[in-house]
Amino acid sequence: MSTTPEGPQRRVRVTGPDRRAQPRPRPRTGDIDEETPLGRVYLGSLLRAQLALAARILGLLALTVGSLPLVFHLAPGLDDVRVAGLPLVWLVLGVLVYPWLVLLGWRYVRQAERHEHDFAELVGELDR
Amino acid sequence: MSTLPGFVAVVLVTLATLAIGTYGLRLSRTTSDFFVASRTVRPGLNASAIGGEYLSAASFLGVAGLLLTFGAEMLWYPVGWTAGYLVLLVLVAAPLRRSGAYTLPDFAEARLDSRRVRNVCSLLVVAVGWLYLLPQFEGAGLTLAAAIDAPRWVGPVVVGLVVLVSVGSGGMRSITFVQAFQYWLKLSALLVPAAVLLVVWAGDDAAGPARATADGWSVPLAAGGAQGLYTTYSLVLATFLGTMGLPHVVVRFYTNPDGRAARRTTLVVLALLGVFYVLPPLYAALGRAYGADPAASDSLVLELPRLVVPGPLGDVLTGMVTAGAFAAFLSTSSGLAVAVSGVLTQDVTSRRLPRLGDLAAFRVATLAAVAVPMTAALVLPDFGVAQAVGLAFAVAASTFCPLLVLGIWWRGLTPAGAVSGLLVGGAGSVLAVAYTLADDRGSGWFDTLAGQPAAWSVPLAFATMVLVSRRTTPPAHARRFMVRLHTPEQVELDRS
């Protein structure tokens with residue numbers, strides 16, 4: 001088995017490439033750690049994206065749920081409206097508002113995680 | 001009226017709580033276990049625990065009664081308490097977890113590098129926590145008086161002792177299990193009787209329909225035209241923004257493994273709260289259909305089963321709702337006791353009594369955290385229960401909400417700005433509610449503004465923090481701290 005003229009040096013272990021040694025793109029985080037102008041741009045863009053997302057979600061909340069007192073104040077006839085035998089306001093504020101809040105939260109979580117994923121890729125790719 | 005089902009229910013809930021709490025004792029060994037359950041709680045369990053802790057007696061008993069008496073304007077309480085979690089999710093959940101602090105004062109000190117801010121925060125946490133504990137103890141007294149004819153002092157003492165034992169022995173780790181159990185207990189204790197009662201109502205020709213017109217029962221606004229509109233909006237603001245500043249809510253976020261888990265936990269909490277809050281309006285509508293007495297609104301949930309189905313079935317259902325109500329007092333009080341004693345341990349007992357070990361210091365702090373509001377509940381049995389909860393939300397929204405939001409999203413916040421904002425917002429909201437408690441007769445604009453202060457005290461606190469911060473210099477490490485708050489954990493950064 002090991003009698004080839006090349007000697008034992010030629011023997012190689014037949015395994016897959018060592019994934020741990022294969023350097024994954026090292027995150028180039030120095031710019032952020034050293035607070036270079038570039039690092040500030042990276043961090044600033046993440047912060048702005050997350051803050052804009054938060055503002056969008058809260059704006060939707062204010063526009064839909066937050067506007068209801070004003071709507072009922074301006075249109076007092078609404079409290080007589082019935083949908084399927086139930087007063088509209090009980091249906092909206094007693095039931096429908098909760099799935100809507102969960103939907104808003106779910107959209108927020110998905111997009112916030114996407115922003116963080118993009119940020120991780122951005123600072124991770126630069127060293128290649 | 002038979003008191004047996006209520007008695008059995010209270011005993012069973014107490015035993016189950018103590019058993020689960022003791023089981024947690026075997027798992028709790030380090031200080032980190034005690035304060036934050038070593039930060040290993042998964043989103044599903046953690047969300048159940050948050051839901052269990054958050055749904056207090058006000059949610060379990062109070063909302064249905066308020067809806068019966070005042071109608072749709074009271075729907076804003078459950079809606080606000082749930083939407084508060086959406087605001088918390090969007091603005092603070094993940095960064096708060098990433099800040100890596102144990103308690104709210106820890107966050108303030110780490111962010112602003114100032115002992116002074118820390119001390120003001122500790123004071124406020126303890127004040128808000130005690131304010132919120134007081135109505136839990138008083139509510140327990142009222143419930144046990146209604147359910148098993150016990151004297152008024154029995155409720156506070158029983159709840160206080162159970163909380164003391166389960167918190168003092170196992171800390172946050174065991175409380176997490178207790179509270180997750182109590183969320184599901186509370187949900188089933190409200191859901192199963194509601195389902196049975198609905199079936200009975202559907203086949204019952206004698207009962208009136210759930211009429212809801214003609215007397216403003218379906219108007220989601222407080223009475224009084226423009227003043228009513230102001231009151232409603234102020235309540236909306238207090239609940240939407242106050243949730244994030246309640247000490248027992250905030251401290252739970254430190255138990256998540258990372259920022260992403262903190263977000264997912266909050267999302268599950270939103271869903272759990274939504275499922276729960278659909279039920280109280282059902283009780284109010286059924287109570288209306290069966291002519292429940294609006295004057296005894298706080299006991300509506302406890303009385304309704306017997307009103308609809310007299311006899312043994314009614315007794316069993318009454319036992320169930322009593323168990324749920326009692327679980328509500330226990331879980332909210334436990335959560336608050338953990339939060340308050342966490343702060344007391346770090347800022348009082350560990351510093352003043354350095355010869356005690358960590359665990360002994362925590363237990364002494366727990367004793368203080370429970371004993372003070374329990375004594376207050378025994379001495380002042382008629383302090384307004386609903387008002388104390390409202391005050392806690394208004395104070396939290398006017399103090400910790402601006403601190404958290406600005407601290408997380410604005411690098412320019414300075415210690416001087418934070419302290420002045422906390423003092424202005426805290427003093428404004430506390431004075432307003434103190435005025436209302438002392439003199440609740442007026443109906444002019446001044447009384448309306450004082451009765452529901454959040455709509456002016458929150459913007460005032462924000463403005464004070466921003467203006468004073470603009471004139472002072474932010475701490476040197478602010479940018480580094482923003483890195484820690486906002487970057488995902490998988491990116492390797494210097495988070496020192």
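Contacts of A93(B) with chain A are absent, with no heavy-atom separation under 4.5 Å from either backbone or side chain. Proximity to chain A is absent for every atom of Y85(B), based on heavy atoms less than 4.5 angstrom apart. If you measure heavy-atom distances from L70(A) to chain B, the contacts under 4.5 Å come from both the backbone and the side chain. The part of Y108(A) that comes within reach of chain B is its side chain, from C-beta onward, which places non-hydrogen atoms under 4.5 angstrom from that chain.
Annotation: maximal heavy-atom pairing with chain B below 4.5 Å, among A54(A), G105(A), P69(A), occurs at P69(A). Considering only heavy-atom pairs separated by less than 4.5 Å from chain A, the leading option among L89(B), V268(B), T232(B) is L89(B). Of the listed residues G94(A), P99(A), A55(A), the one with more heavy-atom pairs under 4.5 angstrom with chain B than any other is G94(A). Counting heavy-atom pairs closer than 4.5 Å to chain A, the top-ranked of the candidates P280(B), G228(B), P78(B) is P78(B). For the options L61(A), V92(A), I57(A), V97(A), heavy-atom pairs under 4.5 Å to chain B are most numerous at L61(A). Per-residue heavy-atom pair counts under 4.5 Å with chain B were compared for L51(A), V65(A), L46(A), and the maximum is reached by L51(A).
Residues L58(A) and L86(B) fail the side-chain proximity criterion, which asks for heavy atoms closer than 4.5 Å.
Although no hydrogens or angles enter the test, the distance criterion places a donor-acceptor pair under 3.5 Å between the side chain of Y233(B) and the main chain of G66(A).
Taking both residues in full, the closest heavy atoms of L43(A) and M482(B) are given as CD2-CB, 4.4 Å, listed atom of the first, atom of the second, then distance. Residues P281(B) and W90(A) approach most closely at CB-CZ3, 3.9 Å, considering heavy atoms. Shown here for L101(A) and L270(B), the closest heavy-atom pair between the two residues is O-CD1, 3.7 Å. Taking each heavy atom of E116(A) and H486(B) in turn, the nearest pair found is OE2-O, 4.1 Å. Here the shortest heavy-atom pairing between L267(B) and V102(A) reads CD1-O, 3.7 Å.
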Query raised in the report: What's the verdict on side chain to side chain contact (heavy atoms under 4.5 Å, CB included) for R264(B) and E113(A), showing C-alpha distance, side-chain angles and the deciding distance?
Result: CA-CA 10 Å; R264(B) 298 188 161 201; E113(A) 286 185 358; 2.9 Å; yes

